[in-house]
Enquirer: 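This structure is in C-alpha cells; I'll ask about it shortly.
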Amino acid sequence: MNLFKIVDSHCDTLLKINSGETNFFKNGSSHVDLPKMINGGVFIQFMAVYVHQHYKPGLSLRRCLELINTFLEIASGPQLIHIKNKEDIGRLLSSEKKIGLLLSLEGAEPIENMAILDIFFHLGIRCIGITWNNRNMLADGCNETGGLTLFGKEVISKMSDLGILCDVSHLSQASFWDVIQITRKPIIASHSNCHALCHHPRNLNDSQIKELAQTGGVICITFYPDFIGLNHDLVSIIKHIAHVCELVGVEHVGIGSDFDGAEFSIANLEDSSKLTNLVKGLKKSGFHNQEIEKIMGNNIINLLKNTLPGGNYGS
C-alpha cells in the first residue's frame, strides 16, 4: 500500500478520452486512466485542456468547451471529486477511496474576454497556463521575447481574485517576470524542469525558481525527455528534484508528468501505475519520508489550500 498522497500537476489525457482512443475508467493504452491511477497511488490528477494549433484562433473556444465537457462527464464518476474549492480538498483528505481531478487550461487562447474567464471559473477551471509555446492575446510564450499584454495583466489579476492558479510553464522569461509583478497568489510551473541541468527554453533558470518560491509556489518536475537532459531516466529526473531542493527547499518542488502529452517512455515511469517507483528512487537517493511526502503531493495540496476559493465557493 502506498502511504504517499501523489499529486500529478499535468497530463494531456483528456485529448485521448475525447477522441475515443481510451476509456478513462478502464485500463487501456493511455499513460493515465483510473485503474493506473489507483495502482500508482495517485491522489489528485490535474487534467489539461489543450487546444491544438489547427483550431487557433477562431475555433479555440469551441474546442475548449468540447474538452471541458469531456472532463465534466468523467469527473462525475462515483470514485472522483472535481476539485473546485478548499472544501473539496477537505472532502478528499477525509475520504479513503476518492481521487481528485483538477481541470486546467494549457494555453489561454480561448479566453477572448473577461466574461469567458468568469464562465471558465464557473465550469470549474482552477489552473491556467497563460500560453503554450507561442504568443496569444495575453502574453508571449517561450518561443518569443515579449511579456504580458494589458489584457494579460487584467486576466492574471482577476485569476488572483477568483482563486485560479497561474501556471508559468511555457511562458517567455519577460512574461514570467510580468506575472511575478502582478499575481497576489502563489504560482505553479505545472511541468517544467531546471535550466541549470538542461538548457531548454521551457525550463526555468535558478532566478526564476527562486522567485517562484518567494510567491509560495511550486515547480513540478516533468518526465518529458526533451526537458530532462542527456539521460532520459528516473535518476536524471531525481537530479532535477534535488536541484530545486538545494536551491529553494523541499517545500517548492512537485511532479508534473506530462503523461499522454506525447509518445515517450521513461523506464520504470512508463505511466501513472509506476509512480511509486519514483518514491522508491527518492528513498534510494537519500530523501526522507517527510521530504518525499512533500515532493510527491503535499506541496501541491498546500498550494491548492492557499490558492483555491474558500468554503464551497464555486460548487
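What you are looking at is a predicted structure, and each value in this text was computed from that prediction instead of being measured. If you read the sequence from its start, that first residue is 1, and numbering goes on from there.
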Enquirer: Assigning hydrophobic clusters by single linkage (Ile, Leu, Val, Met, Phe, Trp, Tyr; side-chain heavy-atom cutoff under 4.5 Å), is I188 placed with I221?
Expert: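 As far as the 4.5 Å side-chain criterion goes, I221 and I188 are not connected within one cluster.
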Enquirer: Can you confirm whether the side chains of H243 and D206 place a donor and an acceptor under 3.5 Å from each other?
Expert: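 Yes, side-chain donor-acceptor contact under 3.5 Å.
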Enquirer: Taking the inter-plane angle between the rings of H191 and H10 on a 0 to 90° scale, is it parallel (under 30°), tilted (30 to 60°) or perpendicular (over 60°)?
Expert: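 It falls in the parallel class, under 30°.
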Enquirer: Test side-chain contact (heavy atoms from CB on, under 4.5 Å) on V235 and N231; report intermediate values, then the result.
Expert: CA-CA 8 Å; V235 170; N231 298 316; over 6 Å; no
Enquirer: Honestly curious: do I81 and L308 fall in one hydrophobic cluster under the side-chain, below-4.5 Å linking rule?
Expert: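 Per the 4.5 Å side-chain linkage, I81 and L308 are co-clustered.
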Enquirer: Are any side-chain N or O atoms of H252 and backbone N or O atoms of V218, one a donor and one an acceptor, separated by less than 3.5 Å?
Expert: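 Pair absent, no side-chain N/O of H252 close to backbone of V218.
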Enquirer: For the atom pair CD1 (I266) and CG (L278), what is the distance rounded to the nearest 0.5 Å?
Expert: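 Nearest 0.5 Å value for the CD1-CG distance: 11.5 Å.
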Enquirer: Please report the shortest heavy-atom distance between S192 and I219, naming the atom on each side.
Expert: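 Minimum heavy-atom contact is O-CG1, 3.6 Å.
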Enquirer: Under 3.5 Å, is there a donor on one side chain and an acceptor on the other for R202 and N143?
Expert: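 Checked: R202/N143 side chains show no N/O donor-acceptor pair below 3.5 Å.
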Enquirer: Between D140 and G146, is there a donor-acceptor pair closer than 3.5 Å when you use the side chain of the first and the backbone of the second?
Expert: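 Answer holds: yes.
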Enquirer: Can you hop from L101 to I89 via hydrophobic side chains spaced under 4.5 Å?
Expert: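 Not linked; separate clusters.
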Enquirer: For the residue pair F71 and H82, does the interplanar ring angle fall in the parallel (under 30°), tilted (30 to 60°) or perpendicular (over 60°) class?
Expert: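 Judged by the thresholds at 30° and 60°, the geometry between F71 and H82 is perpendicular.
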Enquirer: Any link between V155 and L103 through a network of hydrophobic side chains (Ile, Leu, Val, Met, Phe, Trp, Tyr) touching at under 4.5 Å?
Expert: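 V155 clusters together with L103.
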Enquirer: What are the two closest heavy atoms between G40 and I6, and how far apart are they?
Expert: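 Looks like O-CD1, 3.2 Å.
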Enquirer: Step by step, would you call L138 with L148 a side-chain contact (heavy atoms from CB on, under 4.5 Å)?
Expert: CA-CA 6 Å; L138 281 73; L148 295 180; 5.5 Å; no
Enquirer: Starting at CD of Q79, measure out to CG of L34 and round the result to the nearest 0.5 Å.
Expert: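 So the gap between those two atoms works out to 5.0 Å.
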Enquirer: Could you check whether any side-chain N or O of K153 sits under 3.5 Å from a backbone N or O of V179, counting only pairs where one atom can act as donor and the other as acceptor?
Expert: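 No, because the side chain of K153 does not come within donor-acceptor range (under 3.5 Å) of the backbone of V179.
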Enquirer: Given side-chain contact (heavy atoms from CB on, under 4.5 Å), test K283 with N289 step by step and report yes or no.
Expert: CA-CA 8 Å; K283 286 183 178 179; N289 278 357; 3.3 Å; yes
Enquirer: Side chains of N18 and T70 only: does a donor on one sit below 3.5 Å from an acceptor on the other?
Expert: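 Their side chains do contain a donor-acceptor pair, which is all the 3.5 Å distance test asks for.
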Enquirer: How are the rings of F227 and H200 set relative to one another: parallel (under 30°), tilted (30 to 60°) or perpendicular (over 60°)?
Expert: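 Perpendicular, since the angle between the ring planes exceeds 60°.
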Enquirer: Kindly indicate, with the supporting measurements, whether the criterion side-chain hydrogen bond (donor to acceptor under 3.5 Å, both in side chains) is fulfilled by S157 and R184.
Expert: CA-CA 8 Å; S157 181; R184 298 181 299 282; 3.2 Å; yes
Enquirer: Show your reasoning for whether side-chain hydrogen bond (donor to acceptor under 3.5 Å, both in side chains) applies to K185 and N306.
Expert: CA-CA 8 Å; K185 293 286 182 68; N306 291 330; over 6 Å; no
Enquirer: Nearest heavy-atom pair of I255 and I300: which atoms, and what distance?
Expert: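 Answer, listing the atom of I255 first, then I300: O-CD1, 4.1 Å.
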Enquirer: Do R91 and D88 pass the salt bridge (charged side-chain N to carboxylate O under 4.0 Å, His left out) test, and can you show the C-alpha distance, the side-chain angles, and the key distance before you say yes or no?
Expert: CA-CA 5 Å; R91 287 169 55 214; D88 291 328; 2.8 Å; yes
Enquirer: What is the minimum heavy-atom distance between S272 and Q45, and which atoms define it?
Expert: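 Taking S272 first and Q45 second, the nearest heavy atoms are OG-OE1, 4.4 Å.
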Enquirer: Indicate whether the side chain of E251 and that of N299 have a donor and an acceptor atom separated by less than 3.5 Å.
Expert: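 E251 vs N299: no donor-acceptor pair found between side chains.
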Enquirer: Given 3.5 Å as the limit, does a donor-acceptor pair link the side chain of N203 with the main chain of C198, or not?
Expert: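 Side chain of N203 to backbone of C198: a pair is present.
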Enquirer: Using the six-membered ring wherever Trp is involved, compare the ring planes of Y224 and F264 and label them parallel, tilted or perpendicular (cut-offs 30° and 60°).
Expert: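 Aromatic pair Y224/F264 classed perpendicular.
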Enquirer: Should K305 and E87 be marked as a salt bridge (charged side-chain N to carboxylate O under 4.0 Å, His left out) after you check the CA-CA gap, both sets of side-chain angles, and the distance that decides it?
Expert: CA-CA 9 Å; K305 287 178 179 178; E87 185 163 287; over 6 Å; no
Enquirer: For N136 and T131, what are the C-alpha separation, side-chain angles and deciding distance, and is it a side-chain hydrogen bond (donor to acceptor under 3.5 Å, both in side chains)?
Expert: CA-CA 7 Å; N136 59 27; T131 65; 5.6 Å; no
Enquirer: Answer with yes or no whether the hydrophobic clustering places I182 together with L117; edges join I, L, V, M, F, W, Y residues whose side-chain heavy atoms lie under 4.5 Å apart.
Expert: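 Yes, same cluster.
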Enquirer: Going from CD1 on I187 to CD on E211, what distance comes out if it is rounded to the nearest 0.5 angstrom?
Expert: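 If we round to the nearest 0.5 Å, I187:CD1 and E211:CD are 8.0 Å apart.
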Enquirer: Working to the nearest 0.5 Å, report the span between CD of E293 and CZ of F287.
Expert: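 E293 atom CD to F287 atom CZ measures 14.0 Å (nearest 0.5 Å).
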Enquirer: Does F121 have R126 sitting over its ring (NZ/CZ under 6.0 Å from centre, angle to axis within 45°)?
Expert: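 Yes; both conditions hold, so R126 lies above the ring face of F121.
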Enquirer: What residue among I17, L102, D12, L15 forms side-chain contact (heavy atoms from CB on, under 4.5 Å) with M47?
Expert: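 The passing option is I17.
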Enquirer: Judged by modelled atom types alone, do H170 and E106 share a side-chain donor-acceptor pair under 3.5 Å?
Expert: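 Present: a donor and an acceptor within the cut-off.
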Enquirer: For C220 and G256, which heavy atoms make the closest approach, and how far apart are they?
Expert: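 Reported closest heavy-atom pair: CB-N, 3.6 Å.
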Enquirer: Out of curiosity, I74 CD1 to T13 OG1, how far, rounded to the nearest 0.5 Å?
Expert: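 I74 atom CD1 to T13 atom OG1 measures 8.5 Å (nearest 0.5 Å).
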Enquirer: What I want to check is whether the side chains of N298 and K5 have a donor and an acceptor closer together than 3.5 Å.
Expert: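 Not at all, the side chains of N298 and K5 share no donor-acceptor pair under 3.5 Å.
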Enquirer: Grab the two heavy atoms, one from V51 and one from K56, that are nearest each other, plus how far apart they are.
Expert: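 Smallest heavy-atom distance, with atoms named: O-CE, 2.9 Å.
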Enquirer: Kindly assign one of parallel, tilted or perpendicular to the pair H52 and H54, based on the angle between their ring planes and the thresholds 30° and 60°.
Expert: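 Answer is parallel, since the angle falls under 30°.
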Enquirer: Which is it for T22 and F24 under the side-chain contact (heavy atoms from CB on, under 4.5 Å) test, yes or no, and what are the steps along the way?
Expert: CA-CA 6 Å; T22 190; F24 178 71; 5.9 Å; no
Enquirer: Verify the distance criterion only: is there a donor paired with an acceptor across the side chains of S257 and D8 at less than 3.5 Å?
Expert: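 Looking only at side-chain atoms, D8 and S257 do form a donor-acceptor pair, the distance falling under 3.5 Å.
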Enquirer: Once rounded to the nearest 0.5 Å, what's the spacing between atom CG of L165 and atom CE of M159?
Expert: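 Separation between the atoms: 7.5 Å.
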Enquirer: Ignoring hydrogens and angles, state whether a donor on the side chain of S175 or S172 is under 3.5 Å from an acceptor on the partner side chain.
Expert: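 Looking only at side-chain atoms, S172 and S175 do form a donor-acceptor pair, the distance falling under 3.5 Å.
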Enquirer: Using the side-chain contact (heavy atoms from CB on, under 4.5 Å) rule, pick out the option among S104, C11, S169 that qualifies with S190.
Expert: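 When side-chain contact (heavy atoms from CB on, under 4.5 Å) is applied between S190 and each of S104, C11, S169, only S169 qualifies.
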Enquirer: Between D33 and K36, does a salt bridge (charged side-chain N to carboxylate O under 4.0 Å, His left out) hold up when you go through it step by step?
Expert: CA-CA 5 Å; D33 54 43; K36 291 187 182 77; 2.7 Å; yes
Enquirer: Taking atom types as modelled, find out whether S236 and D233 have a side-chain donor-acceptor pair closer than 3.5 angstrom.
Expert: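 The criterion, which ignores hydrogens and geometry beyond distance, is satisfied for D233 and S236.
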